[in-house]
Asker: 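Below are the structure tokens for one structure; questions will follow.
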There are 2 protein chains.
Amino acid sequence: MDKQLATTIFESLASGVRLDVYRLLVKNAPNGLVAGEIATQLALPPTNLSFHLKALTQAGLLSVVQEGRYQRYRANLAVMRDLIGYLTAECCTGHPEQCFETDAAAGCCDAKPTLSSTPTDSTS
Amino acid sequence: MDKQLATTIFESLASGVRLDVYRLLVKNAPNGLVAGEIATQLALPPTNLSFHLKALTQAGLLSVVQEGRYQRYRANLAVMRDLIGYLTAECCTGHPEQCFETDAAAGCCDAKPTLSSTPTDSTS
DNA sequence: TTGATATTTCAATAATTGTTGTATAGTTGC
DNA sequence: GCAACTATACAACAATTATTGAAATATCAA
């Protein structure tokens with residue numbers, strides 16, 4: 001994970017449409033969905049969906065395989081895991097006691113609710 | 001965390017400049033830095049930095065307090081934690097065995113390297 | 001007060017991104 | 001071969017975002 005890739009990934013998720021697409025595929029992991037199913041569920045014109053699927057795929061967030069005349073898209077969860085690592089890897093240098101309490105992504109499947117509402121200190 | 005906020009946060013990080021700023025402040029949590037220090041470290045014109053700081057702050061990723069004639073910016077780690085939860089909360093419905101292995105954000109401070117191929121690059 | 005410092009706001013411009021319709025390419029089944 | 005279906009590529013236009021310098025606001029120090 002380098003800066004260029006991280007920026008590309010954030011750009012990919014910085015659109016309501018693409019965020020919907022990505023989350024839909026996270027929810028439907030690991031089977032994924034074919035393009036037409038995504039278009040139907042999100043009520044998007046195929047041209048526009050294709051534009052956004054391309055962006056997500058080029059960022060590495062999705063992978064795609066051909067199945068006959070269909071294209072099946074899947075969320076690439078490992079990339080998200082690496083992105084989170086990139087954001088948090090250097091945090092709080094010299095002050096570990098102030099860090100994330102996380103557990104964070106463990107909210108997935110392990111369903112540890114320890115994090116959802118606990119505020120750290122706060123400034124606001 | 002709703003879709004609008006998540007999109008705003010991703011937009012905030014979808015710029016090389018803002019990603020640099022945010023990571024610099026994560027690294028310098030919890031003390032934060034004043035605007036001039038950020039400008040110096042990242043070699044940015046103050047006008048441009050102010051533009052990006054405003055975007056990050058409005059997204060909730062940073063908080064700011066006035067210290068005399070300085071403005072001190074800090075990364076709001078709780079927001080990032082919630083964002084990660086938003087992305088992963090519904091993943092793999094019905095197929096938990098295919099999920100994130102994470103641990104992910106625990107890379108912070110706990111420094112469990114179990115998850116990533118490449119830990120960091122750290123050059124901005 | 002005056003002058004220096006720190007940061008933001010404003011306005012103009014440059015650059016990028018999103019959406020849509022039409023056209024194209026590949027797959028299936030007859 | 002042909003026609004129907006799935007999806008992507010291209011082109012035009014609309015909309016948004018990034019960058020910069022000049023001016024404004026606020027604080028500090030004498």
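These values consider heavy atoms only, across backbone and side chains, with no hydrogens, waters or symmetry-generated copies. We name chains A, B, ... by the order of the sequence lines, and we start the count at 1 in each one.
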Asker: Kindly indicate whether the side chain of A:Thr47 and the base of C:dT22 share any N or O donor-acceptor pair separated by less than 3.5 Å?
Answerer: yes

Asker: Taking for each residue the nucleotide of DNA chain D bearing the nearest heavy atom, is the 5' side occupied by A:Tyr70 or by A:Lys54?
Answerer: A:Tyr70

Asker: Got a donor-acceptor contact below 3.5 angstrom from the B:Thr40 side chain to the B:Gly36 backbone?
Answerer: yes

Asker: Show, in sequence, the C-alpha distance, side-chain angles and deciding distance for A:Thr8 and A:Gln58, and conclude whether the side-chain contact (heavy atoms from CB on, under 4.5 Å) test is met.
Answerer: CA-CA 9 Å; A:Thr8 301; A:Gln58 287 183 339; over 6 Å; no

Asker: Report yes if a side-chain nitrogen or oxygen of A:Arg18 is closer than 4.0 Å to either non-bridging phosphate oxygen (OP1 or OP2) of C:dG18; otherwise report no.
Answerer: yes

Asker: Starting at the 5' end of DNA chain C and moving along, which residue's nearest nucleotide shows up first, B:Leu49 or A:Glu11?
Answerer: B:Leu49

Asker: Five pairs per end, C1' atoms only: what is the angle between the end axes of the helix from C:dT1-D:dA30 to C:dC30-D:dG1, to 10 degrees?
Answerer: 30°

Asker: In residues 58-68 of chain A, what residues come within less than 4.0 Å of DNA chain C, judged by heavy atoms?
Answerer: A:Gln66, A:Gly68

Asker: Which nucleotide of DNA chain D is the first, and which the last, in the 5' to 3' direction, to come under 4.0 Å of a heavy atom belonging to chain B?
Answerer: D:dA18 to D:dC28

Asker: For C:dT19, does either OP1 or OP2 sit under 4.0 Å from a side-chain N or O belonging to A:His52?
Answerer: yes

Asker: Does the side chain of B:Met80 reach to within under 4.5 Å of the side chain of B:Leu13, using non-hydrogen atoms?
Answerer: yes

Asker: Does any N or O in the side chain of A:Arg74 come within less than 3.5 Å of the main-chain N or O of A:Ser63, such that one atom is a donor and the other an acceptor?
Answerer: no

Asker: Check every atom of C:dT28, C:dT7, C:dT19 against the side chain of A:Arg69 and return the nucleotide holding the closest atom.
Answerer: C:dT28

